[in-house]
Amino acid sequence: MDVKLYTVGQLSNLTKVSIRTLHYYEKLGLLNPIRDENNQYRLYGDRDILRLQQIAILKKMKFKLSEIAVILDQNETLVDESSHHAVSAWTQSLEGQLSIVRKQQEDLRKVEQLLFSTLYSIRVTGQVNLEEMLHFIKELDQPKDRSRGALLREVFSPEELEVMPINKTGPVEMEWADILREIHNHIHEAPDSNASQKLAKRITEYALLLFNGDEQLAEKYWEYIVPEDGQSPRVYGMTSEVMRYIEKILERWG
């Protein structure tokens, strides 16, 4: 079986990776083209293309070239001339890259949720809480807490979890921060006051939007987030005092 080989110019033209960059990758040991016996021109084959594809992905993920070199060495799989081994090598390489991408996505989701939570707390309180900033720094390097996710899966079905406002960071979820701030401003007013009843209307409309009109799921979620006596809130800002106030004003609504 003939093996397709490409000159540095051909490879550069096909991939849009500059010749200078390809030479630099060779200098770093990331690529190792063979030399034409007649003219000593560089020739790139299957293994080089596989490694170049890996480099492109890892660079896109902001890995340094020194880090890419380590990853390539760890995942090195010889590409035999037979199609069976070539397919196996590409499959293993792509699966390894997919695993790295998924890990980075998970890490970025955690950062996204922490950033959103910090903005959310500022929006609720109207001030920066240094203790929460310290907690943010600590959480960045902490392994993900699996216990909460496991508890949620015990209580809610996968379909319900898709709808619920958990680990979501959109404008709809941020709107609750504004409502919480209003609650804090009026929490000591009578439940049937004009301000309290305006809040009750807003909360009712928001819940219908948040849970796609599923009142049963909204009620189930409410019961889930109610903190036990002496426990910390399960959802930021949803203390026992806040939840009692919400229940009182909703009882008088409608």
Side-chain angles (χ1 to χ4, degrees), residues 102 105-126 132 135-136 139 142-254:
R102 285 172 174 163
Q105 286 176 333
E106 183 178 336
D107 291 342
L108 287 173
R109 276 194 294 270
K110 179 176 180 180
V111 173
E112 178 188 15
Q113 289 164 11
L114 285 171
L115 287 170
F116 181 84
S117 298
T118 305
L119 283 171
Y120 186 92
S121 69
I122 292 173
R123 194 147 160 180
V124 170
T125 63
E132 289 181 357
H135 176 73
F136 176 97
E139 283 295 306
Q142 296 299 310
K144 190 175 180 180
D145 181 11
R146 303 290 181 183
S147 58
R148 182 169 180 265
L151 179 58
L152 284 167
R153 289 191 293 273
E154 288 176 7
V155 178
F156 301 98
S157 68
E159 293 75 21
E160 289 174 332
L161 288 172
E162 277 292 315
V163 176
M164 288 165 49
I166 295 172
N167 296 333
K168 295 180 180 177
T169 56
V172 174
E173 288 72 30
M174 184 61 84
E175 185 181 343
W176 184 250
D178 296 331
I179 296 175
L180 265 182
R181 190 166 183 178
E182 282 295 299
I183 290 171
H184 290 155
N185 291 337
H186 299 287
I187 197 167
H188 297 299
E189 293 189 22
D192 54 359
S193 72
N194 185 50
S196 290
Q197 285 306 291
K198 282 184 177 179
L199 263 174
K201 180 177 184 292
R202 187 176 179 186
I203 291 168
T204 301
E205 292 173 347
Y206 178 80
L208 289 173
L209 172 66
L210 196 63
F211 294 95
N212 295 331
D214 191 334
E215 295 183 12
Q216 186 175 350
L217 179 57
E219 182 65 27
K220 185 176 179 181
Y221 179 69
W222 179 268
E223 292 175 359
Y224 167 77
I225 66 174
V226 173
E228 301 289 339
D229 290 339
Q231 284 188 340
S232 300
R234 281 185 169 172
V235 174
Y236 182 87
M238 297 298 284
T239 62
S240 297
E241 182 185 20
V242 166
M243 297 190 76
R244 280 195 298 269
Y245 171 73
I246 293 174
E247 287 175 344
K248 287 178 181 178
I249 65 175
L250 289 179
E251 284 174 3
R252 288 163 175 77
W253 167 248

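Because the structure is predicted, anything quoted here is derived from the model rather than measured.
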Heavy-atom distance under 4.5 Å between the side chains of T239 and V242, does that happen here? yes
Can you list the residues that meet the side chain to side chain donor-acceptor pair (under 3.5 Å) rule with K220, with sequence neighbours excluded? E160
Heavy-atom side-chain proximity of I225 to M243 below 4.5 angstrom: yes
Quick one: side chain to side chain donor-acceptor pair (under 3.5 Å) partners of E247, sequence neighbours excluded? W222
Between the side chains of S196 and E189, does any donor sit under 3.5 Å from an acceptor? no
Interatomic distance, T169 atom OG1 to L114 atom CG [nearest 0.5 angstrom]: 11.5 Å
Run the side-chain contact (heavy atoms from CB on, under 4.5 Å) test against N185 and tell me which residues pass, sequence neighbours left out. R181, E182
Taking the side chain as C-beta and beyond, is there a heavy-atom pair between I203 and I183 under 4.5 Å? yes
According to side-chain contact (heavy atoms from CB on, under 4.5 Å), who are the partners of R123, at least two apart in sequence or on a separate chain? M174, A177, D178
Across all chains, not counting sequence neighbours, the side chain to side chain donor-acceptor pair (under 3.5 Å) partners of S117 are none
Determine which pairs satisfy ring-ring contact (aromatic ring centres under 6.0 Å, His included) with at least one residue from residues 163-202, sequence neighbours left out, and list them in order. W176-Y206
If you define the side chain from C-beta out and look only at heavy atoms, does anything of R109 sit under 4.5 Å from Q105? yes
My understanding is that only residues two or more places apart in sequence, or in another chain, count here; which of them pass side-chain contact (heavy atoms from CB on, under 4.5 Å) with A200? Q197, I249, L250, W253
Within the 4.5 Å heavy-atom criterion, are M238 and V226 side-chain neighbours or not? no
Name every donor-acceptor pair, under 3.5 Å, that has one atom in a side chain of residues 209-217 and the other anywhere in the protein, sequence neighbours excluded.
from : atom 1 : to   : atom 2 : distance (Å)
D214 : OD1    : Q216 : N      : 3.2
D214 : OD1    : L217 : N      : 3.0

Once salt bridge (Lys or Arg N to Asp or Glu O under 4.0 Å) is applied, what residue pairs with a partner in residues 201-210 remain, sequence neighbours excluded? K201-E205
Where is the tightest heavy-atom contact between I187 and Y245, given as atom of each residue plus distance? O-CD1, 3.5 Å
State which residues pass side chain to side chain donor-acceptor pair (under 3.5 Å) with Y120; sequence neighbours excluded, sorted by chain then number. none
